[in-house]
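Note on naming: letters A, B, ... go to the chains in the order of the sequence lines (proteins, then strands), and numbering restarts at 1 for each one. Side-chain atoms are counted along with the backbone in the values below, which use heavy atoms only and exclude waters and symmetry mates.
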Amino acid sequence: MKEKELRRSLSVFPIGTVMKLTDLTARQIRYYEEQELIQPQRNDGNRRMYSLNDIDVLLEIKDYLAEGINMAGIKHIYEMQEQAKQKKQADMKRPVTDEDVRRIFHDELLQQGRLNNTDEQGPSTLFHTHKLL
DNA sequence: CTTCTCACA
DNA sequence: TGTGAGCA
């Protein structure tokens, strides 16, 4: 069950293929990389090469965008996933404190608030992001 | 032909 | 985000 992850991590698709698979423009794909949502590798010719995992993330981003979440919100979602990943180990040994609960609750309120604060643009939001949180 | 970076009548 | 320029 490890070879599979390794294969999904292999960067073998040029941006053109990713565009067709995700329906995103090259501009958007490169922009999301700039936002550190994906980290495609480069081949000898400086061409970006994407992995299946990169494509999965891109597809997820497209869904979040469709649900009205802006880039700031999406970045926070992935930031939290990373935090949860690193914190998981430590939390395994340490019992959950009330401060942990407060932090989690605080982050959720932050994201929900972002739906109203039009710090970016397209405010056709105010939808139901609750099911994601 | 495809992708890259940079810039904006 | 789109789009076009000028390269590789």
ask   = To the nearest angstrom, how far is A:Ile74 atom CD1 from C:dT1 atom P?
value = 9 Å
note = Taking C:dT3, B:dT3, B:dC4 as options, the one with an atom nearest any side-chain atom of A:Arg47 is B:dT3
ask   = Rounded to whole angstroms, how far apart are CG on A:Leu24 and P on C:dG2?
value = 10 Å
request  = Please report, rounded to the nearest Å, how far the P atom of B:dC4 is from the CE atom of A:Met49.
outcome  = 10 Å
Protein-nucleotide distance (A:Met19, atom CE; B:dC1, atom P), rounded to Å = 16 Å
message = With rounding to the nearest 0.5 angstrom, report the NE2 to CD distance, A:His76 to A:Gln83.
response = 10.0 Å
request  = Please check if any side-chain donor atom of A:Tyr78 sits under 3.5 Å from a side-chain acceptor atom of A:Glu60, or the reverse.
outcome  = yes
For atom CD1 of A:Ile29 and atom P of C:dG2, their distance in whole Å = 11 Å
ask   = Does A:Tyr32 put a side-chain nitrogen or oxygen below 4.0 Å from OP1 or OP2 of C:dT1?
value = yes
inquiry  = Pairs counted only when both distances fall under 3.5 Å, Watson-Crick or G-U: show me the 5' to 3' dot-bracket for DNA chain B, [ ] for pseudoknotted crossings and | for other-strand partners.
reply    = .|.|||||.
remark   = Between CD of A:Glu34 and P of B:dA7 the distance, given in whole Å, is 13 Å
note = Taken to the nearest whole Å, CZ/A:Arg30 to P/B:dT5 is 7 Å
task = Rounded to the nearest angstrom, tell me the gap between atom CZ in A:Phe13 and atom P in B:dT3.
result = 14 Å
ask   = Do A:Arg48 and A:Glu33 come close enough that some side-chain heavy atom pair is under 4.5 Å?
value = yes
query = OP1 or OP2 of C:dG2 sitting under 4.0 Å from any side-chain N/O of A:Thr25?
reply = yes
Gap separating the CZ atom of A:Arg42 from the CZ atom of A:Arg47, nearest 0.5 angstrom = 10.0 Å
ask   = Can you find an N or O donor on one side and an acceptor on the other, under 3.5 Å apart, linking the side chain of A:Arg48 with the base of B:dT3?
value = no
request  = Indicate whether OP1 or OP2 belonging to B:dC4 is found under 4.0 Å from a side-chain N or O atom of A:Arg27.
outcome  = no
query = Is there a side-chain contact between A:Leu52 and A:Arg7 (heavy atoms, below 4.5 Å)?
reply = no
OG on A:Ser9 to NZ on A:Lys4, rounded to 0.5 Å = 12.0 Å
ask   = If you round to the nearest 0.5 Å, how far is CD1 of A:Ile74 from CG of A:Leu65?
value = 4.5 Å
